[in-house]
> 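Submitted below is the structure of interest, expressed as structure tokens.
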Amino acid sequence: MAASVQPACLDLHFSGKHPPLLKHSSNSVRCVSSPNVIPEADSITGPPDIINTSRDQRKVVRIAWEKLVRWSRSWRAKAKTDVLERTRKVVVLGGGSFGTAMAAHVAKRKEGLEVNMLVRDSFVCQSINENHHNCKYFPEHKLPENVIATTDAKAALLDADYCLHAVPVQFSSSFLEGISEYVDPGLPIISLSKGLELNTLRMMSQIIPTALKNPRQPFVALSGPSFALELMNNLPTAMVVASKDKKLANSVQQLLASSYLRINTSSDVTGVEIAGALKNVLAIAAGIVDGMNLGNNSMAALVSQGCSEIRWLATKMGAKPTTITGLSGTGDIMLTCFVNLSRNRTVGVRLGSGETLDDILSSMNQVAEGVATAGAVIALAQKYNVKLPVLTAVAKIIDNELTPTKAVLELMNLPQIEEV
């Protein structure tokens with residue numbers, strides 16, 4: 001008779017890089033750690049039912065992976081490349097960190113592609129053209145030689161096939177009005193800017209056509225979890241392009257997608273834009289929690305509450321819930337709230353540590369969009385009759401009407417709710 005196996009010996013959960021080996025003796029199955037070797041199914045000894053289960057599981061995983069790889073290769077073989085082949089010139093408006101990273105990325109997509117950066121700082125312009133470095137944001141990274149900087153809007157926009165807009169939201173309207181005469185009515189504008197205009201509550205999809213006096217200006221929003229530094233280092237990244245024009249979204253996908261930048265498409269412009277704007281405010285809240293050393297429990301509670309608030313407001317504004325839980329929503333929220341490279345999170349950490357907002361902003365050389373967006377969020381919440389406790393608390397802290405300590409106390413004393 002076969003020896004009986006105690007249920008406790010069948011716990012196959014393990015931690016670490018490799019699974020344990022199963023050794024069968026006359027009385028039991030015991031686990032032996034093997035950190036360096038994963039045995040083939042045939043080399044595992046044990047009761048026949050366990051061996052067969054292991055073989056079956058490995059076969060299922062192998063077949064599933066092979067199907068996935070075949071599907072991916074088939075899709076890539078059919079993917080169109082005509083957009084990149086036809087594109088001769090791309091202009092990037094703005095010489096900040098993300099605009100520079102995207103300019104470098106696009107320039108590497110095709111040899112001979114002209115990428116013009118319209119910058120306002122003549123010293124940065126000279127640095128890019130003479131040394132192939134953005135001395136202000138990426139002094140250690142060499143830019144491709146087909147990236148050309150200029151302070152001349154007419155020259156930058158002349159004969160451009162695509163335009164990447166990387167000017168901070170609060171300055172976009174006046175900037176675009178100043179160059180509108182040089183923008184072709186059919187030039188697709190790809191917005192990299194995330195935020196809400198403070199006084200008007202407008203998103204970039206509303207700001208751009210108004211500023212250019214062209215309601216039919218082709219528009220695409222680019223968003224998702226992406227730090228400029230990691231793009232510059234060619235690290236794997238995934239983003240979303242959103243447009244009401246599906247053909248245009250697919251064209252921009254072709255233009256930008258590469259071996260290290262995955263581009264998904266969406267028709268939910270509102271969802272992608274509002275998630276990209278509100279996550280900056282939530283990141284400030286997450287930074288405050290960290291700066292106050294409130295621990296991991298409170299961080300998880302705050303961010304999950306913030307995600308709910310973003311979903312409540314976004315869906316009231318017409319966004320799809322799946323957008324908010326996807327790459328441009330939850331994905332961007334996770335990156336911005338939990339990683340130290342985030343400018344908005346850094347503002348929160350310093351606020352939570354006791355610094356004043358004026359001191360924080362005066363010491364930064366980049367814009368933290370969440371600071372301005374916070375005020376707009378409150379107006380939107382009132383407009384759409386949505387309660388946003390966490391995001392409202394951030395706005396009150398930024399306006400110096402509430403201390404971080406008091407905000408935590410008030411949030412913890414909110415009515416308990418039933419989750420649905």
Side-chain angles (χ1 to χ4, degrees), residues 76 79-119 124-135 137-138 141-167 179 182-193 217-224 226 228-241 243 245 247-265:
R76 289 199 303 271
K80 297 180 179 179
T81 59
D82 56 305
V83 170
L84 187 61
E85 291 169 359
R86 291 197 309 266
T87 302
R88 297 287 178 266
K89 180 179 178 181
V90 175
V91 59
V92 178
L93 307 179
S97 60
F98 203 74
T100 302
M102 288 304 298
H105 170 73
V106 173
K108 288 182 282 190
R109 292 284 290 129
K110 183 175 107 173
E111 187 176 351
L113 176 63
E114 182 181 345
V115 178
N116 276 205
M117 291 180 65
L118 178 60
V119 300
V124 170
C125 182
Q126 182 180 6
S127 174
I128 291 173
N129 291 334
E130 294 182 1
N131 305 316
H132 303 294
H133 290 86
N134 185 324
C135 58
Y137 296 105
F138 291 111
H141 290 76
K142 186 174 182 180
L143 298 174
E145 294 191 3
N146 53 330
V147 173
I148 303 166
T150 180
T151 57
D152 183 345
K154 183 177 181 180
L157 287 157
L158 183 65
D159 296 329
D161 297 301
Y162 291 92
C163 173
L164 276 66
H165 176 92
V167 177
I179 65 169
Y182 308 121
V183 179
D184 187 278
L187 177 65
I189 309 292
I190 305 165
S191 174
L192 314 183
S193 309
Q217 191 77 44
F219 175 84
V220 178
L222 176 68
S223 192
S226 49
L229 178 61
E230 296 190 2
L231 273 176
M232 288 294 285
N233 291 331
N234 298 342
L235 296 178
T237 302
M239 302 179 72
V240 177
V241 290
S243 178
D245 183 338
K247 184 177 179 180
L248 178 58
N250 290 336
S251 296
V252 175
Q253 181 186 50
Q254 279 191 52
L255 176 70
L256 300 180
S258 72
S259 59
Y260 63 89
L261 180 57
R262 177 183 175 85
I263 300 290
N264 296 341
T265 61

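Fair warning: this is a prediction, and the values are worked out from it, not measured in the lab.
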> Given the rule in the side chain to side chain contact (heavy atoms under 4.5 Å, CB included) test, do Leu256 and Met102 qualify, once you have shown the distances and angles that lead to the verdict?
CA-CA 9 Å; Leu256 300 180; Met102 288 304 298; 4.0 Å; yes
> Can you tell me if Arg109 uses its side chain to pair, donor with acceptor, with the backbone of Leu255 under 3.5 Å?
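Judged by distance alone, yes, a pair lies under 3.5 Å.
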> For Gln217 and Asp184, work out which heavy atoms get closest and say how close.
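Heavy atoms of Gln217 and Asp184 come nearest at NE2-O, 3.1 Å.
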> Are there over 12 heavy-atom neighbours, none belonging to Asp159, within less than 6.0 Å of that residue's CG?
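Atom CG in Asp159 is not crowded, with 12 or fewer foreign heavy atoms closer than 6.0 Å.
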> What residues, two or more places apart in sequence or in another chain, satisfy side-chain hydrogen bond (donor to acceptor under 3.5 Å, both in side chains) together with Thr100?
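For Thr100, the residues satisfying side-chain hydrogen bond (donor to acceptor under 3.5 Å, both in side chains) (neighbours in sequence not counted) are Asn134.
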> In chain order, what residues pass the side-chain hydrogen bond (donor to acceptor under 3.5 Å, both in side chains) check against His105, with sequence neighbours excluded?
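In terms of side-chain hydrogen bond (donor to acceptor under 3.5 Å, both in side chains), with neighbours along the sequence ignored, His105 is linked to Tyr260.
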> Ile148: what forms a side-chain contact (heavy atoms from CB on, under 4.5 Å) with it, not counting sequence neighbours?
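By the side-chain contact (heavy atoms from CB on, under 4.5 Å) rule, Ile148 matches Glu114, Asn116, Asn129.
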> Tell me the closest heavy-atom pair linking Gly186 and Pro218, and the distance in Å.
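So the two residues come closest at O-CG, 3.6 Å.
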> Side-chain atoms of residues 84-93: list all donor-acceptor pairs with protein atoms under 3.5 Å, sequence neighbours left out, distances to 0.1 Å.
unit_1 : atom_1 : unit_2 : atom_2 : d
Glu85  : OE2    : Thr81  : OG1    : 3.0
Arg86  : NH1    : Asp82  : OD2    : 2.8
Thr87  : OG1    : Val83  : O      : 2.7
Arg88  : NH1    : Glu85  : O      : 2.6
Lys89  : NZ     : Ala155 : O      : 2.9
Lys89  : NZ     : Ala156 : O      : 3.1
Lys89  : NZ     : Leu158 : O      : 2.6

> Do you know which two heavy atoms are closest between Ile179 and Ala153, and how far apart they sit?
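Heavy atoms only, the tightest pair is CG2-CB, 3.6 Å.
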> Return yes if some donor-acceptor pair links the side-chain N/O of Ser243 with the main-chain N/O of Ala249 below 3.5 Å, else return no.
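No.
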> Quick one: side-chain contact (heavy atoms from CB on, under 4.5 Å) partners of Glu145, sequence neighbours excluded?
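By the side-chain contact (heavy atoms from CB on, under 4.5 Å) rule, Glu145 matches His132, Lys142.
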> What is the minimum heavy-atom distance between Thr237 and Ser226, and which atoms define it?
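In this case the closest contact between Thr237 and Ser226 is CG2-CB, 3.9 Å.
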> How close do Cys163 and Leu187 get, counting heavy atoms only, and between which atoms?
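Looking at all heavy atoms of both residues, the shortest contact is CB-CD2, 3.6 Å.
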> Test: ring pair (Phe, Tyr, Trp, His ring centres under 6.0 Å). Region: residues 142-165. Which pairs qualify, not counting sequence neighbours?
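Every candidate ring pair (Phe, Tyr, Trp, His ring centres under 6.0 Å) pair involving residues 142-165 fails, so no pair, neighbours aside, qualifies.
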> In Å, rounded to the nearest 0.5 Å, how long is the span from CD1 of Ile128 to SG of Cys135?
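It is 7.5 Å, given to the nearest 0.5 Å.
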> Apply the side-chain contact (heavy atoms from CB on, under 4.5 Å) test between Val241 and each candidate in Asn250, Val252, Leu248; give the one that qualifies.
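Of all the options given, the one that passes is Val252.
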> Which residues satisfy the side-chain hydrogen bond (donor to acceptor under 3.5 Å, both in side chains) test with Gln254, sequence neighbours excluded?
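Once residues adjacent in sequence are excluded, Gln254 has no partner under the side-chain hydrogen bond (donor to acceptor under 3.5 Å, both in side chains) criterion.
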> Rounded to the nearest 0.5 Å, what's the gap from CG on Leu222 to CD1 on Ile190? Could you check?
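If I round to the nearest 0.5 Å, the distance is 7.5 Å.
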> Going by side-chain hydrogen bond (donor to acceptor under 3.5 Å, both in side chains), name the residues that satisfy it together with Ser97, two or more places apart in sequence or in a different chain.
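Applying side-chain hydrogen bond (donor to acceptor under 3.5 Å, both in side chains) to Ser97 gives Gln366.
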> Could you check Phe98 against Leu231 for side chain to side chain contact (heavy atoms under 4.5 Å, CB included), going step by step and ending with a plain yes or no?
CA-CA 9 Å; Phe98 203 74; Leu231 273 176; 3.6 Å; yes
> If you take all heavy atoms of Lys108 and Pro144, which pair is closest and at what distance?
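That closest heavy-atom pairing would be CG-CG, 3.7 Å.
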> For Ala257, which residues count as a side-chain contact (heavy atoms from CB on, under 4.5 Å) partner, sequence neighbours excluded?
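Applying side-chain contact (heavy atoms from CB on, under 4.5 Å) to Ala257 gives Ile263.
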> List for me each residue that meets side-chain contact (heavy atoms from CB on, under 4.5 Å) alongside His141, sequence neighbours excluded, and say none if there are none.
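Applying side-chain contact (heavy atoms from CB on, under 4.5 Å) to His141 gives Phe138, Leu229, Met232, Asn233.
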